[in-house]
Amino acid sequence: MKKTAQTVIRDGACYTIAAANGRVLEVADFNTENGASVRLWSYEGHPWQQWIFEEAADGQSRIKNRFTGKVMDLAMSGVANGTWVHQWAATSGKGQRWEFVPADNGRYKIRNVLADKVIDLVGMRVDNGTQAQIWQDVFGENQLWNIQPVPDKLLEKDMPQPAPRKEPVKSTRTQTGTGTRAKKAAGKSGRRAAK
């Protein structure tokens, strides 16, 4: 089996952080507010899907979103399994400090210094919209990240204005009289009304 070389992570450089299926971590809905969630989405080359790694301490980095200028942080400074990863204005707190731990096939685990847990995906899902969280290191595929430099040609472009995405519509429809059960119920209520 061919081994893949680790990407050399440089202070101040811009990267994508991708799951095994190529979807990347981004700031949800290009939201610039504190508390906006970090989630997985198909890579489209947008700056809210790109991250600048800034040295915070020896061997530790803040992960700053290129578009919003805010950094990955732990919701409510939580340290428990399942604490969501969101963005927040930079502070000196350990909840915003991360270590890149080399793993197999050139990938990394991204460990939070405060919680001593790694970035993980809710429900081990890898579809668009999956929320990033922290979880104890269980050597899971959903805890391994491909970190790739953003090509210079993308960094040289003017910062685009985000366009709203069409989110998949989730049906809230209930049974309203098309099945056998609904017809039986309608018949009973009709007979009751006739009495």
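Glu33 is linked by a salt bridge (Lys or Arg N to Asp or Glu O under 4.0 Å) to nothing, counting only residues two or more places apart in sequence or in another chain. Every side chain to side chain donor-acceptor pair (under 3.5 Å) that Asp120 has, sequence neighbours left out, goes to Gln133, Asn142, Gln143. Every side chain to side chain donor-acceptor pair (under 3.5 Å) that Gln87 has, sequence neighbours left out, goes to Thr68. The salt bridge (Lys or Arg N to Asp or Glu O under 4.0 Å) search around Arg62 returns none, not counting sequence neighbours. Listed by chain and residue number, nothing satisfies the side chain to side chain donor-acceptor pair (under 3.5 Å) test with Thr32 (two or more places apart in sequence, or in another chain).
Contact detail for Pro149 and Thr7: the closest heavy-atom pair is CD-CG2, 4.0 Å. A pairwise comparison of heavy atoms in His86 and Gly35 identifies ND1-CA, 3.5 Å as the closest pair. Between Ala89 and Gln96 the shortest heavy-atom distance is O-NE2, 3.0 Å.
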Pair Leu121-Leu40, side-chain contact (heavy atoms from CB on, under 4.5 Å): steps then yes or no: CA-CA 8 Å; Leu121 296 167; Leu40 204 63; 3.9 Å; yes
side-chain contact (heavy atoms from CB on, under 4.5 Å) assessment of Trp41 paired with Glu26: CA-CA 7 Å; Trp41 203 270; Glu26 69 165 18; 3.4 Å; yes
Thr16 vs Gln50, side chain to side chain donor-acceptor pair (under 3.5 Å): CA-CA, chis, key distance, verdict: CA-CA 5 Å; Thr16 57; Gln50 300 166 357; over 6 Å; no
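By the 4.0 Å N-to-carboxylate-O rule, Asp29 lies close enough to Arg39 to be salt-bridged with it.
Taking 4.5 Å as the limit, every side-chain heavy atom of Asn31 sits out of range of all side-chain heavy atoms of Phe67. Inter-residue side-chain proximity for Ile119 and Trp145 is flagged as met; some heavy-atom pair is nearer than 4.5 Å.
Taking a 4.5 Å side-chain heavy-atom cut-off between Ile, Leu, Val, Met, Phe, Trp and Tyr, the cluster of Val118 contains only that residue. Other residues sharing a hydrophobic cluster with Trp84 under the 4.5 Å side-chain heavy-atom criterion for ILVMFWY residues are Val122.
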Using distance only, find each side-chain donor-acceptor pair of residues 74-83 under 3.5 Å and give its atom names and separation, not counting sequence neighbours.
unit_1 : atom_1 : unit_2 : atom_2 : d
Asn81  : OD1    : Gln136 : N      : 2.8
Asn81  : ND2    : Gln136 : OE1    : 3.2
Thr83  : OG1    : Ala80  : N      : 3.4
Thr83  : OG1    : Ala80  : O      : 2.8

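For the salt bridge (charged side-chain N to carboxylate O under 4.0 Å, His left out) condition, the pairs that include at least one residue of residues 82-99, sequence neighbours left out, are Glu99-Arg111. The salt bridge (charged side-chain N to carboxylate O under 4.0 Å, His left out) pairs that include a residue from residues 73-88 number zero, where partners must be two or more places apart or lie in different chains. Counting only residues at least two apart or in different chains, ring-ring contact (aromatic ring centres under 6.0 Å, His included) contacts with residues 101-124 are absent. Sequence neighbours left out, the pairs with a member in residues 137-146 that pass salt bridge (charged side-chain N to carboxylate O under 4.0 Å, His left out) are Arg107-Glu141, Lys109-Asp137.
At least one donor-acceptor pair under 3.5 Å links the side chain of Asn112 to the backbone N or O of Gly95.
A chain of hydrophobic side-chain contacts below 4.5 Å, direct or via other Ile, Leu, Val, Met, Phe, Trp or Tyr residues, connects Ile63 to Tyr15. Transitive grouping of hydrophobic side chains (ILVMFWY, heavy atoms separated by less than 4.5 Å) keeps Val38 and Trp135 in distinct clusters. Follow the hydrophobic side-chain contacts under 4.5 Å out from Met72 and you reach Ile147 in the same cluster.
To the nearest 0.5 angstrom, Ser61 atom OG is 13.5 Å from Trp51 atom CH2. The structure places CZ of Phe30 at 12.0 Å from CG of Asn65, a figure rounded to the nearest 0.5 Å. Atom-to-atom distance recorded for Trp48:CH2 and Lys70:NZ is 15.5 Å, nearest 0.5 angstrom. Taking SG of Cys14 as the start and CZ of Arg66 as the end, the distance is 5.5 Å to the nearest 0.5 Å. In this structure, CD on Gln49 lies 10.0 Å from CG on Leu25, to the nearest 0.5 angstrom. In this structure, Trp98 CH2 and Phe100 CZ are separated by 9.5 Å, a value rounded to the nearest 0.5 Å.
If you run side chain to side chain contact (heavy atoms under 4.5 Å, CB included) between Ile110 and each of Leu144, Val101, Val85, Ile17, only Ile17 comes through.
In the displayed structure, Arg125 atom CZ is contacted under 6.0 Å by more than 12 heavy atoms of other residues, nucleotides or ligands.
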